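I have placed the structure first, in the form of structure tokens, so that the comments after it can refer back to it.
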Amino acid sequence: MFLQTLVTGLGIGSIYALMAMGYCLVFSILNFSNFAHGAMIMIGAYVGYLFCSIIGIPFFLSIIITAVITGILSVINERLAYRSLRERNAPSLYLIITAMGISIMLENLVYSTIGSNFYAYPRVFSKNYLEIFSSTIGLIDIYSFFVSIICIILLHLFLNNSKIGMAIRAGVADPIATSLMGANFNVLIRNVFFLSGIFAGISGVFMGLRYMVYPQMGWITNKAYIAAVIGGLGSLPGAIIGGFILGIIETIVSVYISSVVRDVFSFSMLILILLLKPLGLFGIKYEEKM
Amino acid sequence: MLTIKDMNVFYGHIHALQGVSIQVNQSEIVSIIGSNGAGKSTLLNSIAGIVKRASGEITFENNPLPTRSYDIVKLGISLVPERRRIFPNLTVNENLKMGAYLRNNQKEVEIDLEEMYRLFPILKKRTKQFGGTLSGGEQQMLTIARGLMSRPKFLMLDEPSLGLAPNLTEEVFLKIEEINQTGITILLVEQNAFKALEIANRAYVLENGKIAFSGIGAKMLDNPKIKDAYLGV
Amino acid sequence: MEYISTIFIVASINVVAVIGMTIFTGFTGLFSFGHAAFIAIGAYGAAILTYFYHFPFILALIFGSLLAGLISLLVGYPTIKGNLGSDYLAVALLGFGEAVRVILENLKITQGARGLPGIRICCTVPVVIIAIIISVLIARNLIYSKYGRRMVEVREDAVAAEMLGVPLFKTKYFSFFISAIFCGLSGGLFAHYYGFIQPAMFTLEQSTQILTSVVCGGIGSITGPIVATYIFVFIPEVFRFAKLWRLVFYGAALVLTMIFRPSGLMGYKEIGFHSLVAKIKRVE
Amino acid sequence: MLPLLELQQVEKTFGGICALSDISFTVNKNEIIGLIGPNGAGKTTIFNLVTGAYNISSGLILLNGKPINKKRPDQIVNLGVARTFQNIRLFKKLTVLNNVKASLYHKAKYNIFDALLKTGNYKKLEKDIDEEARILLKQMELDEYVEIQADNLAYGLQRKLEITRALGLSPELLLLDEPAAGMNPKEVINIIDLIKKVHSEYRLTIIIIEHHMKVITSLCSNVIVLNFGKKIAEGPAEEIHKNSKVIEAYLGNSTQKKKTEIAYANN
Amino acid sequence: DIIKIGANVSLTGPSSMWGISELNALRMAADKINEEGGVLGKKIEIVEYDNRANPPEAVIVNQRLIDRDNVAAIIGVAQSGTFIAARTVAEDGKTPQIGTTPTNPFATIREDGTPFKYAFRVCFIDPFQGKIAANFAFNELGAKNASIVYDVGSDYSSWLADYFIDNFTALGGKIINKEAFRSGELDFRAILGKIKASSVNIDILYIPTMQKEAGLIAKQARELGIKAPFMGGDGVGSPDLMTIGGDATEGFYFTNLADLADPMLSEWLEEYRARYGTDPVLPNPVMAVDALLLVVDAIKRAGTTDGEALAKAIEDTRNIKVLTTDNFSIDPATHNPFDKPAVINVVKDGKFEYVMSYSGES
Ligand SMILES: Nc1ncnc2c1ncn2[C@@H]1O[C@H](COP(=O)(O)OP(=O)(O)OP(=O)(O)O)[C@@H](O)[C@H]1O
Ligand SMILES: Nc1ncnc2c1ncn2[C@@H]1O[C@H](COP(=O)(O)OP(=O)(O)OP(=O)(O)O)[C@@H](O)[C@H]1O
Ligand SMILES: [Mg+2]
Ligand SMILES: [Mg+2]
């Protein structure tokens with residue numbers, strides 16, 4: 001029983017983690033919560049469905065194509081909506097509101113073009129879950145678990161050990177000084193959004209496969225966002241760990257306390273963690289000197 | 001090497017540079033002095049491409065200067081900006097490496113890094129510290145060192161001595177002369193007008209966005225008007 | 001005419017909450033994804049009084065706002081004292097907002113998700129006009145007093161403000177309290193206009209709608225957000241001809257406002273109260 | 001007479017790095033103290049500790065005999081300590097006038113009801129503050145910029161505005177962090193006069209951090225020299241100038257110096 | 001000359017799939033009526049606005065329909081909460097409003113039991129649905145132990161869960177688990193794991209939610225190895241249930257207002273499919289057609305579109321033919337339909353199949 005609870009929690013957590021990564025990536029770079037990420041995930045789910053179900057391309061190929069498409073969309077999104085705000089040094093709140101505008105737009109675009117029907121991915125795996133030690137675990141959860149961990153490690157290396165990563169971090173603090181070093185910050189940012197779009201695409205397909213595809217599915221990423229906050233918005237490993245923590249706590253509370261108050265618990269925990277660690281579990285702050 | 005003709009810059013309705021023309025020759029040190037708000041930083045910033053010029057022509061080595069700052073840097077022009085624009089969220093070491101962003105020869109970069117640490121030993125002790133937590137003077141050193149890390153042909157320094165201890169100021173100016181002797185052209189903006197004029201081959205005086213005087217650096221030290229207005233003697 | 005007055009009332013109810021949020025977000029520079037909870041608390045607080053105990057409407061309204069204010073003091077103490085970063089505070093409050101909804105969904109007195117149908121309908125055009133006038137007056141007087149100035153200073157540079165003797169916690173806490181009071185009042189009006197409330201009405205969407213009006217109206221302005229609120233209620237109405245594309249346009253309008261009027265419709269400026277404008281010319 | 005400010009064995013570490021150790025000194029009323037030392041010596045850190053921006057690691061700071069190291073910055077301000085910042089921290093988007101008013105509001109003794117009801121008391125106090133701010137700006141020769149947004153001012157004027165704003169707090173103790181940085185020699189002379197003026201007019205006690213030796217020599221009765229977080233010398237300016245430790249660590253070997261620099265330093 | 005009938009429907013947002021079906025069905029029905037000569041010699045026209053299932057919007061929409069478009073009656077709002085908010089406007093505007101699926105008992109009556117003059121509905125109410133669900137589960141399926149998963153954030157779901165529990169326990173059944181989730185949730189494995197782990201083997205899992213959650217719950221429950229049959233309410237009655245839940249929904253029972261497999265609907269269904277190329281999302285479209293037929297009939301009897309007369313005529317409706325039944329009546333005491341029958345459907349081979357029906361009195 002407890003093992004199953006834990007396994008389920010980890011499974012749910014893996015999905016949160018996968019979605020949280022995109023938030024975290026953009027936050028760790030631009031310091032704003034990109035609420036359009038949820039809408040991108042939704043688009044990813046639709047695009048993946050298109051390729052995998054309607055056109056009928058093999059599943060793994062569809063993931064790749066989807067990731068590229070959402071990557072490009074995410075770059076377009078940045079170029080059209082965020083760049084001018086960024087260049088004006090607008091407060092992050094402006095970017096957040098713009099991101100929300102984008103997500104309202106995309107969601108309703110889907111309503112008005114594709115419609116409000118649900119779609120389900122075709123069966124990709126012959127069996128959707130595994131039995132380990134008499135507890136069942138979803139195959140997709142296992143995949144999301146590994147995909148998110150691998151992505152995080154790669155990203156972490158990229159941002160902390162590569163020259164481009166360094167320039168991105170520099171540009172966040174001072175884009176103008178960065179351009180004085182010869183780096184084109186806009187191009188760097190384009191790369192970041194391409195990456196976050198790729199994550200959106202991958203998580204969209206996974207979400208679609210795990211659950212279903214519908215216009216409002218972007219909103220479920222709120223949970224992922226909360227996971228990212230628990231882990232510390234700017235910290236990539238934090239996103240994953242936050243996802244797992246949230247997943248496990250939710251499951252344990254549902255099973256052992258009450259499913260009704262589950263959210264009260266997880267939100268109180270969120271507040272509690274923030275009170276103890278104002279920047280989340282792994283958030284880092286660059287202390288400002290006077 | 002660098003020629004500016006009749007340049008105008010505006011901030012909104014503030015006319016910050018009004019028809020400024022200057023020239024910097026190969027291997028020279030040229031100083032620009034002027035009181036607060038005269039437009040000195042504006043001049044350097046518009047050469048570096050981080051302030052848009054409304055009109056005027058800049059040529060560098062007989063070619064028109066590109067407008068984007070990251071393209072300008074590629075020509076070997078480096079600006080040490082005013083007021084310590086270090087990257088607060090990068091470590092000292094990373095800040096310096098950012099200076100060498102366009103350089104690909106890792107070995108040479110490492111050598112230059114060591115050179116910077118030799119020049120500013122206190123930075124060496126702080127390689128892992130975030131730039132933002134350095135003391136004011138340490139940040140200033142870091143800004144200068146970062147500017148040098150790109151191995152520029154043409155180096156612009158905006159108030160390099162700001163907030164530096166007297167002995168260090170001395171050293172920085174010695175270093176500037178030393179750099180210049182290796183063939184790097186230098187355009188210097190400095191409040192310490194004595195120093196600025198002393199080490200300069202030529203100098204310009206900016207007043208309210210216009211060039212008021214120009215001449216041989218050392219000679220200007222004796223100019224009574226300049227003495228009165230900028231040296232306070 | 002009924003149609004126009006309906007839209008007017010609907011928008012005005014939002015306006016009251018937006019004025020509160022303007023103080024918190026526009027002037028203090030903090031933001032929240034959970035203020036719908038205060039609207040809910042105000043709505044339930046007031047409605048329970050009139051619904052079960054037949055209190056007079058005005059008393060119920062006051063009680064609702066005070067209840068929201070009281071709860072804001074409880075929630076604000078740890079969260080604001082904790083000195084969270086702005087996004088973190090917003091999310092912590094999102095958590096609070098959702099938690100309030102869960103509680104409302106499970107309480108006996110609120111009748112859970114079924115809500116309270118058939119609340120007395122008392123919120124009419126004159127009522128909202130009076131509510132708005134009072135809210136604007138309070139907000140304005142506050143903003144131009146030392147309390148409001150301190151909020152602006154905290155927004156501009158909290159560290160410097162503290163070094164000038166501005167008590168950070170008190171200032172933010174107070175601003176939070178005031179915003180909750182306004183949201184509570186708005187909630188009371190809400191309940192007594194629609195005649196029916198249920199927890200599902202007070203969602204994240206509502207919180208962000210208020211926030212959106214504030215930002216699009218212009219940070220650091222009171223009149224801007226008010227105008228923006230009316231516009232945002234009217235725009236979807238105007239776009240009705242666009243049928244399903246209506247909200248696509250709405251989203252696009254939002255994005256375009258942010259891009260082309262980055263400091264909002266009325267960024268840092270006020271319309272109306274001329275004398276004050278002259279006197280305080282650009283608080284910012 | 002009780003010293004105004006007293007530091008007793010103050011120590012500050014930043015995650016292992018010891019920025020200040022065993023710092024003790026006293027500042028008497030109405031003195032102007034110079035705080036000098038090489039870059040990174042810990043001067044600004046002292047200001048940050050005194051104003052409560054950082055927590056002290058060990059030791060004691062007394063203001064008028066009472067410990068203040070447990071207090072919040074805003075409480076310390078109310079005890080009469082004001083400062084300027086090495087990196088200017090004005091309210092960039094506010095006007096010059098509002099920047100100054102920001103510091104005057106701690107005197108406005110009206111409550112929230114006065115404000116909401118706009119009582120006579122409120123109106124009077126608001127008017128007083130407005131007037132006082134304008135007077136202060138006039139004294140500091142900033143009156144022509146009253147309505148200008150602070151970050152549009154030239155650097156030197158911003159420094160002046162910061163001092164004005166600090167004066168608005170009517171402090172007993174004023175901490176100036178490199179007030180003359182970024183100024184040309186002529187302007188340095190102006191700022192020296194200005195500091196002299198406010199010192200006598202407002203009967204202030206001042207601590208100045210400065211790398212322009214001219215400022216220190218012309219203003220300070222007593223100079224404290226720090227190096228690597230330790231106090232290495234203390235005494236009148238002329239003595240300090242001759243102190244070999246100070247010359248080595250800070251001023252630089254004068255034989256190395258060129259003619260003009262000496263001229264400059266002596267100016 | 002034309003008679004305008006308003007449609008206050010949700011065309012965007014999470015409930016839009018029903019709203020759009022509702023609108024389609026109304027259009028189709030209106031065209032048919034017009035072809036047959038209209039009403040009182042006038043053509044009828046459907047004027048629709050989107051309410052996003054959001055109470056403030058529904059209020060505005062109602063007001064607009066009444067003031068701007070001068071509609072004779074308003075069809076819709078499908079969601080109880082939104083209907084209740086909008087109802088006031090219809091009451092003030094003296095325009096009859098016929099809810100399609102607001103099953104909350106208080107949608108048409110006051111707390112004291114008296115009906116609102118202008119508020120009507122064509123669906124049954126939750127207590128009835130809960131009751132027949134319990135009856136069916138206990139008597140027909142022989143279930144003794146039941147667990148419930150419901151949406152605390154939805155009034156529909158909580159009402160239904162409570163009525164089911166009341167009736168099921170009254171019959172002698174036992175509720176093993178009552179588990180709640182909140183609207184918008186997609187993952188139910190945590191609560192399903194708890195149900196699976198409970199010591200008693202359940203005979204039925206009652207899921208009174210919308211088809212989205214029901215489909216996912218079914219899928220995830222089977223994944224976790226829960227073997228009990230599922231049962232739901234009218235909210236699950238659309239083919240999406242199978243799209244989402246796949247094989248797991250085989251044998252999923254639910255109470256419904258109307259039945260796609262109902263022979264009475266077959267002709268209409270053909271027509272709908274031919275015209276729109278998809279299946280309607282039940283039950284809203286048939287309810288909307290019933291509502292329209294009800295209004296049209298009342299207009300004919302009243303001989304006018306005056307609101308007050310029309311409301312009276314609607315109240316007096318007895319035994320008229322509508323889409324779902326041949327003898328539809330309105331109960332003047334509650335403004336609910338009289339003896340609205342309910343059907344039980346089951347999913348078989350990926351299709352809905354008729355099981356049995358319960359008449360209104362049961
Ligand atoms: N971003 C800006 N927006 C508006 N005005 C500006 C801006 N930057 C500079 N100015 C104005 O342009 C003029 C020239 O400024 P600049 O910074 O070039 O002077 P400076 O000679 O470098 O002075 P300092 O010695 O103080 O550094 C000043 O009047 C200043 O107020
Ligand atoms: N927040 C911090 N975290 C880590 N180290 C710090 C921090 N603040 C200051 N330091 C270190 O403490 C030392 C003292 O800094 P401080 O700013 O007091 O120097 P200073 O004497 O004012 O120097 P300057 O003349 O250059 O302004 C510096 O070496 C600095 O790097
Ligand atoms: Mg300058
Ligand atoms: Mg310092």
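Just so it is clear, the values below take in all heavy atoms, side chains as well, and ignore hydrogens, waters and symmetry mates. First the proteins, then the strands, lettered A, B, ... as listed; each starts at 1. This one's a predicted model, so the numbers in the text were calculated from it and none came from an experiment.
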Best-contacting candidate, A:Pro215, A:Gly9, A:Ala120, against chain E by heavy atom pairs under 4.5 angstrom: A:Ala120

4.5 Å side-chain heavy-atom contact, A:Phe118 and E:Met17: yes

Chain A contact via E:Arg222 - which portion, at a heavy-atom distance below 4.5 Å: backbone

Closest contact, heavy atoms only, E:Leu186 versus A:Tyr214: CD2-OH, 3.5 Å

Exercise: identify the closest heavy-atom pair between A:Ile12 and E:Ala190: CD1-N, 4.5 Å

Residues, nucleotides or ligands: over 12 heavy atoms within 6.0 Å of E:Lys178 NZ: yes

Heavy atoms from other residues, nucleotides or ligands near CZ of A:Phe146 exceed 12 (cutoff 6.0 Å): no

Sorted by number, residues from residues 100-114 of chain A in contact with chain E (heavy atoms, under 4.5 Å): A:Asn108, A:Tyr111

CG (E:Asp166) with more than 12 external heavy atoms under 6.0 Å: yes

Greatest number of heavy atom pairs closer than 4.5 Å to chain A - which of E:Ile20, E:Leu224, E:Val281: E:Leu224

Residues E:Glu223 and A:Arg210 bridged, charged N to O under 4.0 Å: yes

Note, A:Met212 side chain near E:Leu216 side chain (heavy atom, < 4.5 Å): yes

Nearest heavy-atom neighbours spanning A:Tyr211 and E:Arg189: OH-NH2, 4.3 Å

Atom pair CD1 (A:Ile252) and NZ (E:Lys194), whose distance is rounded to the nearest 0.5 Å: 13.0 Å

Contacting moiety of E:Asp50, where chain A heavy atoms sit under 4.5 Å: neither

Atom OH of A:Tyr119: over 12 foreign heavy atoms under 6.0 Å: yes

